Amino acid sequence: MANIDNVLPPLTERSTILRWLRKNLFGSWLDSLLTVVGLLIVYWAVKGFLTWAFTVAEWRVISANLRLLMIGQYPIEQVGRLWLWLAFLAFLAGNSFGIWARRSWLAVGVLALPAVLALVFPFEGSARNWLLALTVIGAAGWLGGWTKPEVLKRSVIVGWVIALPVIILLTHGFSESTTGFWTVARTNLWGGLLLTFLLTVVAILFSFPLGVLLALGRRSELPVVRWFSVLYIELVRGVPLITILFMAQLMLPLFLPQGMTIDRVLRAMVGITLFSAAYLAENVRGGLQAIPKGQYEAAQALGLSGAQTMIFIILPQALRLVIPILVGQFIAVFKDTALVAIVGLLDLVGIAKTVLAQPEFLGLQREVYVFVSLVYWVLSYGMSYLSQRLEERLGVGKR
Amino acid sequence: MTHEAETIISVQDVHKWYGDFHALRGINMEVKRREVIVIFGPSGSGKSTFIRTINRLEEHQRGKIIVDGIELSHDVRNIEQIRMETGMVFQQFNLFPHLTVLQNITLAPIQVRKWTKQKAEEIAMQLLERVGIPEQAHKYPGQLSGGQQQRVAIARSLAMQPKIMLFDEPTSALDPEMIKEVLDVMIELAKSGMTMLVVTHEMGFARAVADRMFFFDQGQIVESGTPDEIFKSPKEERTKLFLSQILSH
Ligand SMILES: Nc1ncnc2c1ncn2[C@@H]1O[C@H](COP(=O)(O)OP(=O)(O)OP(=O)(O)O)[C@@H](O)[C@H]1O
Ligand SMILES: [Mg+2]
């Protein structure tokens, strides 16, 4: 009998799939039943959704309000400034891919994305042209990075460092005159995905260092620093973000001197940053705890100071360990920014509500919220995917 | 030759407690420049604790430790000064896993001694030649064998150009076939005139290069002498018993 086994052809992919199906889905009567029921439910749900999406849904609510959903009431005259910083980012991204991730499909995908969006979605003429331009600019940056990596490395890093100030400055503008390209665009006009993006980026970039400091503070030998950190972390983690946002919007003015006001968007940014920092601190602390004592001792024995030990030895290892958790936290921040809609800011969710309040689009909640969810999902998944690739890269040569 | 007789480490009546536990009970030791000292004794006798008080990885609570004329006290500058002048090699190597071999070696010279990267790398490469693994410079510690890692750790300490090297059981985490390659490096170092304090049970090493040996038990120095004295005519019963145990293996 054994001979027969030997002469059988090797397993083909097809038969392994069949085997897998059989083993995992139809292993027993109960399994088979569950599989069939599961398939029926999925079929029913997907069919229902697709039927709705292609026959009932009125997608014109999206196309008619696309601009509102993307940038809110941001003045038309100054929209070019947003495209400018997008072009700056596209160029930097292209450069970075050219230097650090030469032959990756990921680079092609990211750089081609604006062009794909331009072709798939009903953007108005100038937006479409700008999107196409982003891909061209990104490709140019990529070519530059590819041909002159050594020369460009430094300037690319500087570029990323100044990216946030550049974005904020361009979005905000600086000319006090009432008209013109550089006229200030008040933050109450910032809205839609633009506001969601800015809230997220600011919160992530500021809460990260703050979280690291709090994590270090919690392990500090100075009792005052330690107790302050513990108090802060536990206090903030004990309340929901929405209450912090309400406090920032409603309570803060009570403590400020008469006549002094702080921008509402800025208050939301501060609230989210302070909130997220407490969670990041705990995540970073987890990483710090995983570093063996011998690492500190070796660094000390070499004469490195406490700060040098942290910067060069401990933090690089600790942060690398917690990248997946940190990215999860960043994605949570991104999604949590939606809560600012409740305190009256017009982020993607807030704008969606105003879109639905227009008489001609009454009753189109489904279309609008499906679209909004899709935007959140695509961006969240993008972040998570990028982080996985980053981990793979950083994993090289690790222990 | 007066230079050679100069005292570089002076330990006077040093005590150390871990809570209620009296780990070091009045240690006295004078080490001269270029001397090679071997410290041995049963597990838990305080060898590690003692050697780690010399670069202040452990704090002592009574007595005096003077290294190259600087007294160890709470003054942070003194501690920094002494750590720059003493290198330490650990049982578990404690290399930095996220840095390449070359970066492991050059980090402290660049950050602490403020050397240029170029100078630090030149000296690092010379040291890697000296410990016999120049071809591993661009690998990560995780890609090396235990013996190679320990040799990198020695090179890393030497890069700071210390006057004193402390070794805490440098070969006891190694597979037997790798012990020799590390001991050879240490013997070469001893012969080059480095002042060394070595906690080890490698008696071959002690015979070859030690000037004096110290037997520790229960936080005290029970006996000290030249290798000849210790191996041929130990005075204390405890020393005899311990030697017979480790030499029978
Ligand atoms: N951090 C600590 N807290 C409490 N007790 C400690 C600590 N470190 C060491 N000890 C105790 O001090 C004593 C001396 O320890 P030490 O590590 O110096 O011994 P050793 O001679 O190096 O032993 P070994 O050969 O096992 O390394 C031991 O009894 C140990 O349990
Ligand atoms: Mg020990």
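A note on names: the letters A, B, ... follow the listed sequences, proteins ahead of strands, and every chain is numbered from 1. Model, not experiment: these values are computed from the prediction.
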Other residues, nucleotides, ligands: >12 heavy atoms within 6.0 Å of B/Glu177 CD: yes
Under 4.5 Å heavy-atom distance to chain B, tell me which part of A/Gln300 shows up: side chain, backbone, both or neither. both
Given heavy-atom pairs under 4.5 angstrom as the criterion, report whether the side chain, backbone, both or neither of B/Arg156 touches chain A. both
Measure B/Phe90 against the heavy atoms of chain A and call it side chain, backbone, both or neither at under 4.5 Å. side chain
Under 4.5 Å to a heavy atom of chain A? For B/Gln111 that would be both
So for B/Ile79, is it side chain, backbone, both, or neither that comes closer than 4.5 Å to the heavy atoms of chain A? neither
Within a 6.0 Å radius of atom CH2 on A/Trp227, are there more than 12 heavy atoms belonging to other residues, nucleotides or ligands? no
CZ of A/Arg218 to CG of A/Leu288, rounded to nearest 0.5 Å, is 12.0 Å
With side chain to side chain contact (heavy atoms under 4.5 Å, CB included) as the test, pick out the partner of B/Ile65 among B/Met29, B/His60, B/Arg56. B/His60
Within 6.0 Å of CD in A/Glu221, more than 12 heavy atoms from elsewhere: no
